[in-house]
*Asks:* 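The structure follows.
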Amino acid sequence: MEEAGERSTSNQSTPTTSPTKLPRGNWVCAKPSTSQSVNLNEHITEKLEVLMNAYKNTKDQWRALGYRKAIGALKSHPRAVTTWEEASAIPGIGSRLADKIAEIVQSGHLRKIDHVCQGEEAKILDIFNNIWGVGPTVAQEFVQLGYKTLEDVRTKAKLNKQQQIGLSHYYDFLDRMPRDEAAEIGKLIEDATKEFNPNFVCTTCGSFRRGKKTCGDVDVLISHLDGHSHKGILFKLLEKLHST
DNA sequence: TGGCAAATACTG
DNA sequence: CAGTAT
DNA sequence: GCCA
């Protein structure tokens, strides 16, 4: 139930805090917060993301992976792409995606989205895939059983523990907060932690650390300079937070 | 044409 | 273990 | 989907 780091698709050099060549990959979280943080191709990536999500919903994971890499490359591209040639020259973008990018640039729309996402089944699959704990396989099983709404799932489906939580908090998990609010929560956790020992180090990671404008959750890394004093703190911290 | 992210958790 | 999901 |  853990989330691995998000690997950047771009291939830009990574300014480093250590002079030696360490086995650290090209991670988004390893880049300085001052690196380009604005997506100059948002009008393109927002549409490709819709298609990518639709393909992921249908278990077409490799096609979705191709889209994900292309979208990442577009987001870190230093200019707004305007031509087919410029698009296809970007690593990770081939002729097929260059076609789609060109269409978006010229018409402001991508007809493929309609064909793929317009159908009733695609819409239902999207609803079900957004249940935390339900992925493409289970979502398709639900559709096969004739389920069409969350209410169908609630009343008819057999759900494991995780999926029950996912369904009961459906909209909460979909909801995102402004990053300022995530910062406040991080601070609250830091304060509570340092009441145990002011030498604890609290770092808010995840989407907040990557500079996102909104956050779906707040990830806080708790450590200690001596490398071990933070062990076992989690349970006590939760106890404290719950009591307030 | 075939490979393409890695690590971890839960379930039957 | 194999499948599913995060 | 992209790429070797």
Side-chain angles (χ1 to χ4, degrees), chain A residues 1-11 14 22-30 41 44-77 81 84-104 110-113 115-117 122 125-145 147 153 157-170 172-176 205-207 210 212 215-219 221 234:
Chain A
M1 211 182 334
E2 279 303 310
E3 178 181 329
E6 176 181 323
R7 183 183 277 283
S8 165
T9 305
S10 79
N11 213 20
T14 305
L22 296 175
R24 179 189 59 223
N26 187 23
W27 308 94
V28 169
C29 56
N41 293 287
I44 299 172
T45 57
E46 67 181 4
K47 288 187 165 53
L48 295 184
E49 278 171 346
V50 172
L51 255 191
M52 171 182 72
N53 194 52
Y55 286 130
K56 174 162 52 74
N57 287 347
T58 59
K59 303 186 70 173
D60 200 341
Q61 62 167 316
W62 300 122
R63 191 180 308 272
L65 174 63
Y67 273 73
R68 206 194 68 192
K69 296 209 166 184
I71 290 167
L74 276 174
K75 284 183 175 178
S76 60
H77 196 65
V81 175
W84 188 97
E85 288 72 22
E86 185 179 3
S88 68
I90 299 174
I93 297 180
S95 62
R96 312 286 305 282
L97 272 166
D99 288 345
K100 293 177 174 63
I101 291 169
E103 181 186 339
I104 293 171
L110 183 55
R111 290 161 296 171
K112 186 75 176 178
I113 288 181
H115 300 157
V116 174
C117 308
L125 278 178
D126 198 52
I127 292 173
F128 292 167
N129 268 283
N130 275 322
I131 301 173
W132 186 63
V134 171
T137 299
V138 173
Q140 285 201 321
E141 287 172 4
F142 287 170
V143 168
Q144 200 58 37
L145 290 170
Y147 305 164
V153 174
K158 180 174 182 178
L159 303 175
N160 64 32
K161 196 102 181 189
Q162 183 181 356
Q163 292 161 344
Q164 290 175 32
I165 294 172
L167 181 60
S168 59
H169 294 91
Y170 186 82
D172 286 333
F173 281 126
L174 247 38
D175 192 46
R176 300 183 70 82
C205 306
S207 55
R210 293 197 300 274
K212 304 299 289 184
C215 304
D217 60 13
V218 182
D219 305 305
L221 176 66
L234 181 58

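Keep in mind it's a predicted model, so treat the numbers as computed, not measured. Chain letters run A, B, ... following the sequence lines, proteins first, then strands; residues in each count from 1.
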*Asks:* Quickly work out the A:N53 CG to C:dT6 P distance and round it to whole Å.
*Replies:*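 Taking atom P of C:dT6 as the reference, CG of A:N53 is at 12 Å.
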
*Asks:* So which protein N/O to nucleotides 1-4 of chain B N/O distances come out below 3.5 Å?
*Replies:*
none

*Asks:* What pairs with A:T45 under side-chain hydrogen bond (donor to acceptor under 3.5 Å, both in side chains), at least two apart in sequence or on another chain?
*Replies:*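 Only A:N39 meet the side-chain hydrogen bond (donor to acceptor under 3.5 Å, both in side chains) criterion with A:T45.
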
*Asks:* Identify the residue among A:K47, A:R96, A:R111, A:K112 that makes a salt bridge (charged side-chain N to carboxylate O under 4.0 Å, His left out) with A:E103.
*Replies:*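 Answer after filtering A:K47, A:R96, A:R111, A:K112: A:R111.
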
*Asks:* According to salt bridge (Lys or Arg N to Asp or Glu O under 4.0 Å), who are the partners of A:E141, at least two apart in sequence or on a separate chain?
*Replies:*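 Per chain and number, A:E141 pairs via salt bridge (Lys or Arg N to Asp or Glu O under 4.0 Å) with no residue.
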
*Asks:* For B:dA5 versus C:dA5, give the span between their C1' atoms, rounded off to a whole number of Å.
*Replies:*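 The answer is 15 Å between these two C1' atoms.
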
*Asks:* When the distance from CD1 of A:I165 to P of C:dT6 is rounded to whole Å, what number comes out?
*Replies:*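 Checked: the CD1 to P distance equals 13 Å.
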
*Asks:* Consider side-chain contact (heavy atoms from CB on, under 4.5 Å). Of A:I93, A:D99, A:I101, which one does A:W84 pass it with?
*Replies:*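 In the set A:I93, A:D99, A:I101, the residue that makes a side-chain contact (heavy atoms from CB on, under 4.5 Å) with A:W84 is A:D99.
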
*Asks:* To the nearest angstrom, how far is A:Q163 atom CD from B:dG12 atom C1'?
*Replies:*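 So the CD-C1' distance, A:Q163 to B:dG12, works out to 13 Å.
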
*Asks:* Distances under 3.5 Å between protein N/O atoms and the N/O atoms of nucleotides 2-4 of chain D, please, pair by pair.
*Replies:*
residue : atom : partner : partner atom : Å
D:dC2   : OP1  : A:G94   : N            : 2.9
D:dC2   : OP1  : A:G94   : O            : 3.2
D:dC2   : OP1  : A:R96   : N            : 3.4
D:dC2   : OP1  : A:L97   : N            : 3.0
D:dC3   : OP1  : A:G92   : N            : 2.9

*Asks:* Without decimals, in angstroms, what is the distance between A:D217 CG and C:dT6 P?
*Replies:*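 Those two atoms, CG and P, are 14 Å apart.
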
*Asks:* Is any side-chain heavy atom of A:L125 closer than 4.5 Å to one of A:Q140?
*Replies:*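 Counting from C-beta outward, A:Q140 and A:L125 do come under 4.5 Å.
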
*Asks:* What is the minimum heavy-atom distance between A:I131 and A:G166, and which atoms define it?
*Replies:*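 Heavy atoms of A:I131 and A:G166 come nearest at CG2-C, 3.9 Å.
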
*Asks:* Scan A:L48 against the nucleic acid and name what it touches under 4.0 Å (heavy atoms): base, sugar-phosphate only, or nothing.
*Replies:*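 The answer is nothing, as A:L48 stays clear of every strand by at least 4.0 Å.
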
*Asks:* In whole angstrom, what separates A:N129's CG from C:dT6's C1'?
*Replies:*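 After rounding, the reported distance stands at 12 Å.
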
*Asks:* For A:D126, enumerate each residue passing the salt bridge (Lys or Arg N to Asp or Glu O under 4.0 Å) test, keeping only those at least two apart in sequence or located in another chain.
*Replies:*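 Listed in chain order: nothing, the list is empty.
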
*Asks:* Give the rounded distance in Å between these two atoms: NZ of A:K59 and P of C:dT6.
*Replies:*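 It works out to 13 Å between those atoms.
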
*Asks:* Counting side-chain heavy atoms from C-beta on, which of B:dA5, B:dT11, C:dA5 comes nearest to A:V138?
*Replies:*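 The listed nucleotide nearest to A:V138's side chain is C:dA5.
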
*Asks:* Taking the P atom in each of B:dA6 and D:dG1, what is the distance between them to the nearest angstrom?
*Replies:*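 Comparing P positions in B:dA6 and D:dG1 gives a spacing of 24 Å.
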
*Asks:* Is it the case that the side chain of A:Q164 and the backbone of A:L159 share a donor-acceptor pair, with hydrogens and angles ignored and the cut-off at 3.5 Å?
*Replies:*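 Answer holds: yes.
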
*Asks:* Round to the nearest Å and state the distance from A:E141 atom CD to C:dA5 atom C1'.
*Replies:*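 Taking atom C1' of C:dA5 as the reference, CD of A:E141 is at 13 Å.
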
*Asks:* Applying salt bridge (Lys or Arg N to Asp or Glu O under 4.0 Å), can you list everything that pairs with A:K56, at least two apart in sequence or on another chain?
*Replies:*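 Checked A:K56 against salt bridge (Lys or Arg N to Asp or Glu O under 4.0 Å); zero matches.
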
*Asks:* Separation of A:K56 atom NZ from C:dT4 atom P, in whole Å?
*Replies:*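 A:K56 atom NZ is separated from C:dT4 atom P by 16 Å.
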
